[in-house]
Amino acid sequence: MAKQSAPKELAGIAPKLVEVTDEVLFGDVWERPGLSPRDRSLVTVSVLAALYRGEQLGYHLRVALENGLSVPELSEAITHLAFYAGWPNAMSAITLLKQIADEQTAA
């Protein structure tokens, strides 16, 4: 998988945020050996879905698929979190996962 990076178009308005995103979040935290990229993706997707952070969830669902998670595994995680994080959050996340899976199938 290609190294993750903050959207470069944000550097004009928030250069420090882009810098720390690239250097600290993606350059350090995501690279730590304590969890695999696959496991980090599962944690990230679960938290974004649980907190109803749809604007970031689509990106991270795609990263999760690139990092080796399958659509059925992500579906199972989202189903599980419905009982802990709320039904609307899970339904929004699973709808987005279906859209991404459909796009990948069509490509």
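In this text, all values refer to a predicted model and were calculated from it rather than measured experimentally.
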Show the atom names and distances, to 0.1 Å, of all donor-acceptor pairs under 3.5 Å that link a side chain in residues 78-89 to residues at least two apart or in another chain.
unit_1 : atom_1 : unit_2 : atom_2 : d
T79    : OG1    : S75    : O      : 2.9
N89    : ND2    : A50    : O      : 2.6
N89    : ND2    : A85    : O      : 3.1

Inter-residue atom distance L74.CG - L97.CG, 0.5 Å rounding: 5.5 Å
Contacts of E19 meeting side-chain hydrogen bond (donor to acceptor under 3.5 Å, both in side chains) (sequence neighbours excluded), chain-then-number -> K16
Apply side-chain contact (heavy atoms from CB on, under 4.5 Å) to D28 and list each qualifying residue two or more places apart in sequence or on a separate chain. R32
4.5 Å side-chain heavy-atom contact, D22 and K8: yes
Check the angle between the aromatic planes of Y59 and F26 and answer parallel, tilted or perpendicular using the 30° and 60° thresholds. tilted
Supply the atom-to-atom distance H60 NE2 to L48 CG, rounded to the nearest 0.5 angstrom. 6.0 Å
Answer yes or no: is there a side-chain heavy-atom contact under 4.5 Å between L65 and L61? no
Intermediate values then yes/no, side chain to side chain contact (heavy atoms under 4.5 Å, CB included), T95 and S92: CA-CA 5 Å; T95 300; S92 293; 5.8 Å; no
With E73 via salt bridge (charged side-chain N to carboxylate O under 4.0 Å, His left out) - residues at least two apart: R38
For R62, which residues count as a salt bridge (charged side-chain N to carboxylate O under 4.0 Å, His left out) partner, sequence neighbours excluded? E103
Do the side chains of V63 and L69 join up, straight or via other hydrophobic residues, at under 4.5 Å, putting them in one cluster? no
State the NZ-OG1 distance between K98 and T105, to the nearest 0.5 angstrom. 9.0 Å
Which pairs, with at least one residue in residues 41-51 and sequence neighbours excluded, count as a side chain to side chain donor-acceptor pair (under 3.5 Å)? S41-N67
